[in-house]
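Quick notes on the structure that follows.
Note: hydrogens, waters and symmetry copies are ignored here, and every other heavy atom, side chains too, is used. Naming convention: chains lettered A, B, ... in sequence-line order (proteins, then strands); numbering from 1 in each chain.
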Number of protein chains: 2
Amino acid sequence: MAPISKKPRANPTLSREAWVLAATNLLAREGLQAVAVEPLALALGVTKGSFYWHFKSRNELIQAVLEAWEQDQSADVATRYGGIPDPHRRLRVLLFAAFEDVENGKLFAALTVSAQDSRVEPALRRATERRLALGLEAFQALGLSEEEARQRALLAYAAYTGYFQLLRTTPEAVEAVTDLSGYVHRLADALVPEPPT
Amino acid sequence: MAPISKKPRANPTLSREAWVLAATNLLAREGLQAVAVEPLALALGVTKGSFYWHFKSRNELIQAVLEAWEQDQSADVATRYGGIPDPHRRLRVLLFAAFEDVENGKLFAALTVSAQDSRVEPALRRATERRLALGLEAFQALGLSEEEARQRALLAYAAYTGYFQLLRTTPEAVEAVTDLSGYVHRLADALVPEPPT
DNA sequence: TGGCAACCATACGCGACCGTATTGAATCGG
DNA sequence: CCGATTCAATACGGTCGCGTATGGTTGCCA
């Protein structure tokens with residue numbers, strides 16, 4: 001038998017990151033109001049006592065979750081977006097990448113739900129601004145006017161937001177459309193003018 | 001001086017409908033969790049005592065709000081949609097009407113936020129199903145295949161949902177697109193094939 | 001082996017909101 | 001004018017989650 005010491009301490013001890021991770025998952029699945037200290041502790045098999053050793057408050061946990069989210073948002077964009085020279089391809093890659101990352105889409109939808117929250121709001125606003133700016137730029141690179149590019153960017157972003165919102169609220173309705181990539185294709189075709197053959 | 005009786009009873013007495021109306025407004029502005037009995041009573045200048053005379057519970061109030069909403073959803077569709085013979089016009093009218101009703105759009109967005117709630121979920125699901133079915137039908141009337149019509153309907157609905165969600169979370173971002181009708185035009189043009197000139 | 005630091009449990013007080021009871025005041029029909 | 005009805009205030013007990021205080025284990029290290 002392995003020399004299990006008296007109390008294996010369930011988990012070899014919880015790290016701050018473990019709390020943040022668990023909180024993020026809970027947030028994505030059940031929303032911000034669900035990321036509460038006591039229930040979270042219960043789910044992790046410990047009590048509040050542990051939590052308040054790692055964090056000053058629930059507020060601090062939420063801030064940490066949001067920071068982590070914003071971090072790998074930027075990271076993602078940087079890697080995926082990279083420098084695709086052809087503007088048509090770049091735009092389509094952008095669209096497909098966005099819709100394919102379902103996990104992130106769900107998390108984003110969950111955050112949108114709590115947009116009223118004073119901690120969530122700034123993070124969400126920054127994300128939205130970045131994304132819309134990226135879209136604007138991408139559409140302008142196609143030769144569209146600013147106004148037109150702005151409209152299409154908003155349209156694309158609304159379609160993104162709405163898609164994951166619907167996926168959250170009424171998954172059955174979305175799944176009735178059997179083919180996601182067909183959906184995104186349609187979106188891309190509707191928004192991205194034909195390349196100059 | 002007008003013969004003000006001893007206690008003019010602030011408001012000439014609150015009706016059940018007044019509570020429902022106030023709750024609906026609060027819901028649209030601050031979400032479901034904000035429609036709480038005590039705060040609501042405070043806002044109306046009375047106390048819980050009054051509320052629990054008109055309603056059995058908070059739950060009953062919420063049900064009432066949802067029922068009222070579903071009621072005039074159907075009513076709206078019936079009147080607006082009416083029988084426009086030409087499928088192209090019908091579809092465009094539908095789209096414009098949906099985006100123009102900002103009040104209802106905001107209320108819808110607020111409900112979407114609380115889609116997890118066991119009372120909201122069914123109402124929201126029914127609304128979504130009705131709307132998608134309407135969209136499917138309208139696109140099929142243009143001669144599109146079912147699959148294609150389904151995709152476009154979902155796209156249009158996602159754009160609708162997402163638009164009002166963005167309006168809720170980050171109004172500045174939306175307002176940067178100066179022209180709403182331009183936006184909707186773009187959406188319509190992208191989705192509705194040219195009429196057979 | 002004593003001691004300190006990391007990690008966690010337990011117990012408590014607090015505020016917000018729900019729902020219940022009970023009482024009070026205005027109003028209307030007879 | 002009076003009693004019943006309608007509407008509302010007050011006071012209470014209960015739940016859930018936050019945050020604090022305090023004490024208990026474990027592990028490492030001198």
Gap between atoms [atom1] and [atom2], on [X] and [N] respectively (whole Å):
| X | N | atom1 | atom2 | answer |
| --- | --- | --- | --- | --- |
| A/Tyr52 | C/dC12 | OH | P | 18 Å |
| B/Phe51 | D/dT6 | CZ | C1' | 17 Å |
| A/Leu42 | C/dA9 | CG | P | 11 Å |
| A/Leu61 | D/dG17 | CG | C1' | 14 Å |
| A/Phe55 | D/dG17 | CZ | P | 19 Å |
| B/Gln33 | C/dA16 | CD | P | 15 Å |
| A/Arg58 | D/dG17 | CZ | P | 10 Å |
| B/Arg16 | D/dA8 | CZ | P | 14 Å |

Listed nucleotide nearest any side-chain atom of [X], set [options]:
| X | options | answer |
| --- | --- | --- |
| A/Thr47 | D/dA9, C/dC18, C/dA9 | C/dA9 |
| B/Val46 | C/dC8, D/dA9, C/dC18 | D/dA9 |
| A/Thr13 | D/dC18, C/dC7, D/dC7 | C/dC7 |
| A/Trp53 | C/dC7, D/dA8, D/dC7 | C/dC7 |
| A/Val37 | D/dC18, D/dA9, C/dT10 | D/dC18 |

Donor-acceptor pairs under 3.5 angstrom involving side-chain atoms of residues 147-154 of chain B: please list them, not counting sequence neighbours.
unit_1   : atom_1 : unit_2   : atom_2 : d
B/Glu147 : OE2    : A/Thr178 : OG1    : 3.3
B/Glu147 : OE2    : B/Gln151 : NE2    : 3.3
B/Glu148 : OE2    : A/Arg186 : NH1    : 3.4
B/Glu148 : OE2    : B/Arg152 : NH2    : 2.9
B/Arg150 : NE     : B/Glu146 : OE2    : 3.3
B/Arg150 : NH2    : B/Glu146 : OE2    : 2.4
B/Gln151 : OE1    : A/Arg186 : NE     : 3.1
B/Gln151 : OE1    : A/Arg186 : NH2    : 3.4
B/Arg152 : NH1    : B/Leu191 : O      : 2.6

Per nearest nucleotide of DNA chain C, the residue lying toward the 5' end, B/Lys56 or B/Glu38, is B/Glu38
Can you tell whether the side chains of [X] and [Y] come within less than 4.0 Å, N to carboxylate O?
| X | Y | answer |
| --- | --- | --- |
| B/Glu121 | B/Arg126 | no |
| B/Glu60 | B/Arg16 | yes |
| B/Asp101 | B/Lys106 | no |

Using a cut-off of less than 4.0 Å, is there contact between a side-chain N or O of A/His54 and OP1 or OP2 of C/dA6?
-> no
Between atom CZ of A/Arg130 and atom CG of A/Leu132, what is the distance when rounded to the nearest 0.5 Å?
-> 11.5 Å
